[in-house]
Amino acid sequence: MRAILWFFGLFAIAVATALFAGNNQGTVTVFWPPYRIDLSLNLVLLTLLGVFFVMYVALRALAVLLSLPGEARRWRIQHQERAMQVGLIDSLSHLAAGRFIRARKAAEGVLEQERALAGSEQALPYGARLRAVAHLLAAESTHALQDKTARDEHVRQALDLPHTSRREEQELREGLQLRAARWAFDDRDVQAALQRLDELPQGVARRTLALRLRFRVARLARRTQVALETARLLAKHRAFSEAAARSIVRGLAMELVQAAHDPAQLNKAWGQLDASERSMPEVAILAAERLLFLGGQVSVVQQWLLPVWEQMVKPDTALVPEQRMRLVQVLERSFAQVEGTPDAAWLTRIETAQMGNPRDPMLQYLAGVACMRLSLWGKAQLLLRQSLAQLREPTLRRSAWRALAQLAEQREDAAAAAEAWRNAAKE
């Protein structure tokens, strides 16, 4: 369509020119005393058009000639700029490939080219950022080569660079602080790594990259509380999968509980846990076992175990067999350490759960132990014998036989007691 329009336009111009010039009788007279020159109007118009075209071409040629030095200067700058960009790409590719010496040489080559370009008063508008990136690549390469002096020098030079905006300077400083913390972690310098991380602004410190690094440093420094708090933030930012986050938090909470060496420390550690962490069966059972071992209050132990007990008696949140066995053992130990009658509320809970699920051997065993504490010898013997028919855990079976032996001795039935002791020894 465009070609057709151009064709019609040219045709119209040709027709108009033919009509105007074909019958044009006009003349142009030039008086140059004592001469008189008569020229055709068509010739004058063609001459003027030719002069205009020649002048235009001459002026364009002159402009191109005068712009050659500037074009040559721009070409040199573009050539050097491309060379620096290629140098940065080479440094990155060598660094990724593990060729650290080549990566450092490429980054240092970029620094020399940029320095030469700035010295010739042809500095790039983003030259400071380019030098900062080159220093960072050189520092990363020298760190891999274990040259700490050169690495710190590159970092210092990068921090001393002038920037056109406050934002660029802040971004560079944040990136260098993060890399410096990572380098300190690689060197196993825990104090330096924590210092670098503590110097980060609050917004930067809550980024996923910074939190991951803080978590690793805290684990290396064996600061379980810091690692646990960081793991919570990482889980909130979805840095881990739900299952992995729960496993990590559970392991750290158990480590925090295990590190307590007296009841006061254990109570403090328990208070530092979230409600979701306290309801984890592994954490609560371990804390209860630890508190019993350290001689803590039995009422506190039973209070910590109450959420786990509620999970045990609910069919939709049943515990695994190992957790059920440990819970029963801890409750049994807590009942044994109570002077006099055990807590009536717990006895009611156990009796209600056992009546609601009369075929559960662990509940039968626990109810039998509770009846022993209440001096209900007949009921205790019945429940313990019923539990032995289905119990599969050797530890609980051994404890049940021992309890039956003690009940037989209480009745002064020497034969039954001897039989029960023999069965306990076989388990």
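As the structure is a prediction and not an experimental result, all values here were calculated from the model.
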So does Gln297 have more than 12 non-hydrogen atoms from other groups sitting under 6.0 Å from CD? no
Could you please spell out the steps behind the side chain to side chain donor-acceptor pair (under 3.5 Å) verdict for Gln195 and Gln191? CA-CA 6 Å; Gln195 181 180 359; Gln191 298 299 328; over 6 Å; no
With Gln113 via side chain to side chain donor-acceptor pair (under 3.5 Å) - residues at least two apart: none
Can a salt bridge be assigned to the pair Glu229 and Arg232 using a cut-off of 4.0 Å between side-chain N and carboxylate O? no
Between Ser399 and Arg402, is there a side-chain donor-acceptor contact under 3.5 Å, judged purely by atom types and distance? yes
Indicate yes or no: does Arg214 engage Asp198 in a salt bridge with an N to O separation below 4.0 Å. yes
Pair Arg156 + Glu153: basic N to acidic O under 4.0 Å: yes
Within 45 degrees of the axis of the six-membered ring of Phe185 and under 6.0 Å from its centre: does Arg188 put its NZ or CZ there? yes
Return the minimal non-hydrogen interatomic distance between Leu213 and Ala181, and the atom names on each side. CD2-CB, 3.6 Å
Lys/Arg-Asp/Glu bridge criterion (N-O < 4.0 Å) met for Asp189, Lys148: no
Ion pair check, Arg246 and Glu242, cut-off under 4.0 Å: no
Pair Glu199, Arg173 - check salt bridge (Lys or Arg N to Asp or Glu O under 4.0 Å), show working. CA-CA 11 Å; Glu199 292 174 356; Arg173 188 173 297 276; over 6 Å; no
Charged N to carboxylate O below 4.0 Å: is that the case for Arg182 and Glu140? no
In terms of relative ring orientation, are Trp309 and Trp346 parallel, tilted or perpendicular, with 30° and 60° separating the classes? perpendicular
Got a donor-acceptor contact below 3.5 angstrom from the Arg397 side chain to the Leu391 backbone? yes
